Structure formats: structure tokens, C-alpha cells
Peer 1: 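Got a structure here, written out as C-alpha cells. Questions coming.
Reminder, nothing fancy here: chain letters follow the sequence lines and each chain counts from 1. Here the structure is a predicted model, which means the values were calculated and not measured.
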Number of protein chains: 2
Amino acid sequence: MATTSEPAPIASTVRDEIRACALRLFAERGVAGTSVRDIAACAGTSPANVLHHYGSKEGLREAVDDEVAHLFAHAASTAPDQLADMMDPATGGGSGSFAELLLSAVPPDSPVPAYVRRLLLDGGDAGRRLFRSWFDSARALQDSLVASGVARPAEDPDARTAFLLVNDLAMILLREHVADAIGTDPLTTEGAARWTADALDVYHHGAFRTPPDGSPTAGSTGPRTRGHAAT
Amino acid sequence: MATTSEPAPIASTVRDEIRACALRLFAERGVAGTSVRDIAACAGTSPANVLHHYGSKEGLREAVDDEVAHLFAHAASTAPDQLADMMDPATGGGSGSFAELLLSAVPPDSPVPAYVRRLLLDGGDAGRRLFRSWFDSARALQDSLVASGVARPAEDPDARTAFLLVNDLAMILLREHVADAIGTDPLTTEGAARWTADALDVYHHGAFRTPPDGSPTAGSTGPRTRGHAAT
DNA sequence: TTGCTGACTGAACGTTCGTTCAGTAGATTC
DNA sequence: GAATCTACTGAACGAACGTTCAGTCAGCAA
């Protein structure tokens with residue numbers, strides 16, 4: 001059903017159609033909330049044919065997981081250059097954002113971001129591997145940016161990388177809520193620009209004024225009220 | 001089954017047990033992935049009794065949504081003071097983090113954070129309301145912090161509030177992945193300290209070195225590669 | 001004692017689920 | 001032309017689903 005722009009192998013087979021429908025429906029309703037019959041109806045074929053091609057519903061889910069993983073594996077191979085390029089203040093002063101990378105890899109109405117969300121939050125192995133690979137890329141990028149003087153060195157580099165990566169992914173995860181709150185979808189070009197502008201401001205100049213000198217490493221700052229209500 | 005500490009009405013009724021089980025199972029497996037029979041078995045009663053108390057599975061889901069919403073509505077009534085207190089560099093230099101507030105309100109092994117995750121990501125009205133209320137609180141806090149000179153004023157205050165709030169929530173959403181990556185669960189006291197230390201460092205001093213002067217408002221920094229592969 | 005109420009159950013209901021299977025149609029191979 | 005293969009279908013399977021219902025039982029008011 002209407003795969004969008006140019007580079008796809010255009011002659012979409014029923015097999016591909018089934019997988020595309022599964023991707024979209026899984027992303028919208030979750031795997032448990034999507035039936036094989038739903039997918040078959042979406043792809044204009046019979047439920048039996050879905051299982052003919054993918055063996056089982058679980059097999060189809062794995063195929064979709066793989067598709068998404070490969071999409072990013074390919075993007076990741078060009079990512080370091082792209083990200084480093086985005087980061088270079090000379091060529092544009094970008095943000096080095098994974099979200100921007102994602103935005104550049106899929107059309108704005110793609111179900112992929114929503115599927116990535118499920119992947120990251122459903123506790124499965126595919127999601128764990130995806131996050132791992134992103135974390136490793138981000139860590140390497142962070143190191144190189146520190147080495148080249150673009151980024152400030154962190155006392156806790158793993159925490160720093162995780163912090164920046166997670167902030168970045170959060171925008172994908174909470175996309176609808178952000179759009180509601182600020183009135184612009186952050187996964188459109190204009191929305192991304194607005195989001196990036198603020199993120200860069202914080203990442204360059206901070207959000208808070210400098211604390212009292214000899215700033216404590218803040219390690220002691222746990223929550224002080226320890227209500228621990230049951231539930 | 002073993003509700004934890006003090007303030008709960010301790011004499012847990014079967015009705016409460018059913019709701020507690022539903023909260024946990026919905027959080028773990030999703031609503032569609034949890035059957036009424038599962039919940040009944042967990043609560044040690046019959047499926048018919050679950051529906052006797054809550055009318056339908058959907059009614060039970062709404063009851064659980066309400067329970068969580070009320071938990072935070074109560075927390076929110078004391079939140080401004082607590083958050084402002086956390087923010088005050090004089091009394092502790094905390095982070096004003098919603099995640100810390102959450103951590104202080106529920107025990108570390110509570111299913112509530114996972115349920116909040118589902119609430120925020122399942123596109124329902126309860127999640128939308130929850131985010132809205134958090135955004136409004138965060139916005140008000142942000143304004144007061146700017147007024148008192150603790151926070152730098154932002155060019156785009158809505159975006160700034162959304163950015164900080166979303167960063168904060170991200171840690172809850174991606175909790176397991178962060179724990180994997182940095183080796184510490186950020187929703188434990190020690191994990192939170194580590195996370196907070198780095199977050200404060202970024203929020204006070206930035207993550208990147210100051211860009212070339214006359215820093216562009218960065219609005220032009222969209223992704224420059226416009227691959228838009230189909231999918 | 002009687003009658004009522006609310007918590008609770010076992011058995012069953014109709015539906016929908018994932019999956020199986022025998023079989024058809026259209027190519028391709030020998 | 002027969003044999004083989006792959007894509008595909010309609011009908012059915014047993015299991016699991018949410019839900020209904022008649023009925024049991026304990027506590028309590030009259």
C-alpha cells in the first residue's frame with residue numbers, strides 16, 4: 001500500500017507488503033494487539049499466506065525486527081562521518097543527533113520511529129542490541145569529540161554518553177507529547193530545527209547559572225524525602 | 001502479594017490485590033498481553049470475581065490508570081515545594097528532577113515506573129493528561145527559576161521546558177538500557193546520584209565547548225543528507 | 001428464623017486467536 | 001504433455017479469550 005519515494009525496489013511483492021503492513025500495525029497497536037488476520041487484510045491476502053511466507057506470527061515479528069535493525073545497521077555504517085560532519089561547527093554547527101539521523105533516513109510519516117519505540121521498550125533482545133550499538137557509536141563519537149576539543153571531557157564518560165544518547169532518543173519516544181506541548185512535531189524538519197536550537201543552547205551554555213564555587217560533585221544529592229509509599 | 005511499607009491500608013482486600021496484580025502485569029506484558037485469567041491467578045481468585053469487582057477488563061484498566069494518576073496528583077501537590085527545594089543550590093544543589101521525585105514516591109522495585117512508561121507511550125488519554133500536568137508544573141517551575149536567577153532564560157521557553165522534562169522522563173523510559181550501558185540502575189539511590197552528577201554538570205557547564213562567536217541560532221541546521229529511503 | 005446483600009465460584013457462552021491442511025492456478029523444467 | 005515447484009486460498013482445528021450466569025456461602029438486619 002503506497003510505499004513512498006524513490007529508492008525502494010518499487011516492484012513490491014506480496015511478501016514485502018505483508019512485512020510492511022506488519023511493521024506499521026505492530027508499531028501502532030503492538031504485537032499482541034495485532035492479529036495475523038489484521039495483517040493479511042491490510043496486505044490484501046489471506047491469513048494462511050502470511051504464515052506461508054513467514055512460518056508463524058513470531059517469525060514475522062523477527063523478520064520485521066531484522067528489517068529495522070538492518071535499516072539502522074546500514075545507516076550506522078555512514079553514521080560516524082555524518083554525525084561528525086553534523087558536529088563540526090565549521091560546516092554547520094549541528095547537533096550530532098541520532099534523531100536527526102533517523103529523520104534523514106525515513107520519511108516523516110514512516111512507522112519506523114514508532115516501531116523503534118516498541119523495540120526499545122518491549123524488553124526484547126533486538127531492542128537491547130539496537131541500543132547497545134547506538135551506545136557504542138555514541139561513545140566513540142564522544143571520545144573523538146573530546147579529543148578534537150569540541151566536547152568538554154566528562155568525569156564519568158559512560159554516564160555522559162548515556163545521558164546525551166538517552167536525551168536524544170527521548171524525543172523519538174515522546175514525540176507525540178512533545179508535539180502537543182510545544183505545538184510542533186519534533187520529527188519534522190522545522191520541528192527538529194526548533195528542538196535542536198534549544199538543545200544546542202543547553203549543551204553549549206548550560207541551562208542553569210553556575211552554582212556556588214567549588215561546585216560539589218553533587219554525588220550526595222539524593223532525594224531527601226524518603227516517603228516510599230507502597231504500591 | 002506483599003505490598004511493601006507503611007502507609008498503605010495494610011488490610012489488603014481481594015479487590016486491591018486484583019488491582020495491584022493488574023498494575024504489575026499490565027506494566028510487564030502490556031494490557032493486550034495480559035488476560036483476565038492471568039490477573040485472577042496472580043490475585044488468587046477466579047476470573048469471574050475480577051469482573052465482579054471491575055465490570056470488565058477495560059474497567060479494570062481504567063481503575064489502574066486512575067490509581068497511578070492519583071498517585072502523581074498527590075505527589076504533584078507537594079511537588080513545587082519539593083522541586084524548588086531540590087533546585088536550591090544553598091540547601092543541596094539538587095536537580096529538580098521528576099525522576100527523583102518518582103523515585104522518592106515509590107519503592108525501587110515498584111511496577112509503577114514501568115506502568116508510567118506504558119501510560120506515556122500507548123497513546124491513551126490518561127497518558128496525555130499525565131504528561132500535560134507534568135509539563136505545566138515544569139513550565140511553572142522553569143519560570144520561577146528564571147525569575148529567581150537560578151536558571152538561564154531561554155529564547156524558546158516551551159521548547160526549553162519540554163527539553164528538560166523529556167530528558168528527565170527518558171531515564172525512566174530507558175531505564176533498563178541505561179542500567180545495561182553504565183552498569184548502574186539509574187532508579188536506585190546510588191544510580192540516581194551518578195546520573196544526577198553528570199546531568200548537573202551538563203546543565204551547569206554545558207557538554208560542548210563554546211561554538212564560534214556570534215553563534216547562529218542554529219535554526220538552519222536541518223539534516224543535510226536527505227536520503228528518505230522508503231519504508 | 002427469615003430474608004437480604006455482597007463476595008465469590010464453576011461451568012459454560014460465543015468469539016477470536018494462531019495455525020494446519022488439502023487443494024487450486026500458474027509458471028518452469030524435463 | 002507430464003512432473004515439479006511456488007504462491008496462494010477456504011475451511012477447518014483446538015486453544016484461549018472476555019464475558020455471562022445460576023448458584024453457594026458468610027454476615028447481618030428484621
Peer 1: Can you check the A/Glu58 CD to C/dG18 P distance for me, whole Å?
Peer 2: 12 Å
Peer 1: Is it true that A/Arg160 and A/Asp156 have a side-chain N and a carboxylate O under 4.0 angstrom from each other?
Peer 2: no
Peer 1: Ignoring the backbone of A/His53, work out which of D/dT19, C/dT19, D/dA7 is nearest its side chain.
Peer 2: D/dA7
Peer 1: Does some side-chain heavy atom of A/Phe72 sit less than 4.5 Å from a side-chain heavy atom of A/Val112?
Peer 2: yes
Peer 1: Using whole Å, report how far CG of A/Asp16 lies from P of D/dC8.
Peer 2: 11 Å
Peer 1: Any chance you could measure B/Leu121, atom CG, to A/Arg175, atom CZ, to the nearest 0.5 Å?
Peer 2: 13.0 Å
Peer 1: Do B/Glu28 and B/Arg24 meet the salt-bridge criterion of a basic N to acidic O distance under 4.0 Å?
Peer 2: yes
Peer 1: What's the OH-P distance between B/Tyr54 and C/dA7, to the nearest Å?
Peer 2: 11 Å
Peer 1: Using heavy atoms and a sub-4.0 Å distance, could you list which residues of residues 45-52 of chain B are near DNA chain C? By number, please.
Peer 2: B/Thr45, B/Ser46, B/Ala48, B/Asn49, B/His52
Peer 1: Could you state the NZ-P distance from A/Lys57 to C/dT16, rounded to the nearest angstrom?
Peer 2: 15 Å
Peer 1: Short question: side chain of A/Asp122, backbone of A/Gly124 - any donor-acceptor pair under 3.5 Å?
Peer 2: no
Peer 1: Given A/Arg29 and A/Thr34, is the side-chain hydrogen bond (donor to acceptor under 3.5 Å, both in side chains) satisfied, shown in steps?
Peer 2: CA-CA 6 Å; A/Arg29 317 176 190 172; A/Thr34 304; 5.1 Å; no
Peer 1: Is A/Asp16 paired with A/Arg19 through a side-chain N to carboxylate O contact shorter than 4.0 Å?
Peer 2: yes
Peer 1: A/Glu62 CD to C/dG18 C1': how many Å, rounded?
Peer 2: 15 Å
Peer 1: Looking at DNA chain C, which of residues 26-39 of chain B put a heavy atom within less than 4.0 Å of it?
Peer 2: B/Arg37
Peer 1: Which residues pass the ring pair (Phe, Tyr, Trp, His ring centres under 6.0 Å) test with B/Phe163, not counting sequence neighbours?
Peer 2: A/Trp195, A/Tyr203
